[in-house]
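Hydrogens, waters and symmetry mates play no part in the numbers below; they use all other heavy atoms, side chains included. In this text, all values refer to a predicted model and were calculated from it rather than measured experimentally.
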Amino acid sequence: MIRDRLSRYRERVRRELTTALQEEHTPHEVGLSFATGIFVTALPTGGLGIGLLAGLAAWRSWVSKPAIIAAIAVLNPLVKPAVYVGSYQVGGLVFGERPLRSSTTDASLLETAGIVVRQLLVGNLLIAAVLSASSYVVVARLTRLHRERADDPAERSSASAVLGLFRR
């Protein structure tokens with residue numbers, strides 16, 4: 001059952017990325033659309049980010065809708081908890097790790113909640129920025145390689161090899 005779900009998920013990401021790579025948009029636009037989708041989806045928006053991305057896709061002609069959908073599929077609800085744990089850890093490194101202490105007073109609970117939220121948000125912004133920048137580079141490059149391959153069918157590129165990782 002889990003294997004089937006992962007297979008369907010992998011196929012969906014591959015299909016959306018392939019569609020994005022074949023679009024009329026420039027490699028820069030495809031990469032920027034995917035990176036924007038990764039950045040917004042990585043943030044703790046509680047699902048509001050998807051609405052923001054839909055509005056952006058409707059409002060701006062340069063946005064690649066399949067690239068946005070692929071980004072949303074990559075950072076799905078199964079992956080987001082790992083992003084949040086990493087965000088908390090990165091935030092702890094930025095502010096200096098403060099161990100959470102057990103206390104029953106309201107003031108200390110409020111202080112602890114503030115520390116956790118601050119670490120999570122700052123770490124999340126940093127992780128979202130790194131994921132976004134690296135995904136831009138990868139997707140823009142894949143788009144260029146995919147299009148070069150389409151122009152020269154005899155050429156075997158790394159773009160098809162990377163997309164082949166999503167196949168089973």
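Through direct or relayed side-chain contacts under 4.5 Å between Ile, Leu, Val, Met, Phe, Trp and Tyr, V117 connects to L121.
From Q119, atom CD reaches atom CG of L93 across 9.0 Å, with rounding to the nearest 0.5 Å. Rounded to the nearest 0.5 Å, atoms CD1 (I127) and OH (Y88) are 13.5 Å apart.
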If you look only at distance, which donor and acceptor atoms sit under 3.5 Å apart when one is on a side chain in residues 59-72 and the other is two or more places apart or in another chain?
unit_1: S64; atom_1: OG; unit_2: E23; atom_2: OE1; d: 2.4
unit_1: S64; atom_1: OG; unit_2: A67; atom_2: N; d: 3.3

Could you list the donor-acceptor pairs under 3.5 angstrom formed by side chains in residues 43-54, with sequence neighbours left out?
unit_1: T45; atom_1: OG1; unit_2: G49; atom_2: N; d: 3.0

After noting the C-alpha distance and the side-chain angles of R144 and V139, does the key distance pass the side-chain contact (heavy atoms from CB on, under 4.5 Å) rule?
CA-CA 9 Å; R144 283 186 201 94; V139 172; over 6 Å; no
Check against side-chain contact (heavy atoms from CB on, under 4.5 Å), V138 and F34
CA-CA 10 Å; V138 169; F34 189 84; over 6 Å; no
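I38 and L75 make their closest contact through O-CD1, 3.5 Å (heavy atoms, listed as atom of the first residue, atom of the second, distance). When every heavy atom of S135 is checked against every heavy atom of A35, the shortest pair comes out as OG-CA, 3.5 Å.
V122 and L131 end up in the same hydrophobic cluster when Ile, Leu, Val, Met, Phe, Trp and Tyr side chains are linked at under 4.5 Å.
Residues in residues 25-37 take part in these side chain to side chain donor-acceptor pair (under 3.5 Å) pairs, two or more places apart or across chains: H25-E29, H28-Y136. Listed by first and then second residue, the side chain to side chain donor-acceptor pair (under 3.5 Å) pairs that reach into residues 121-132 are S87-N124, sequence neighbours excluded.
Put simply, the side chain of L125 reaches to within 4.5 Å of the side chain of F39, judged on heavy atoms.
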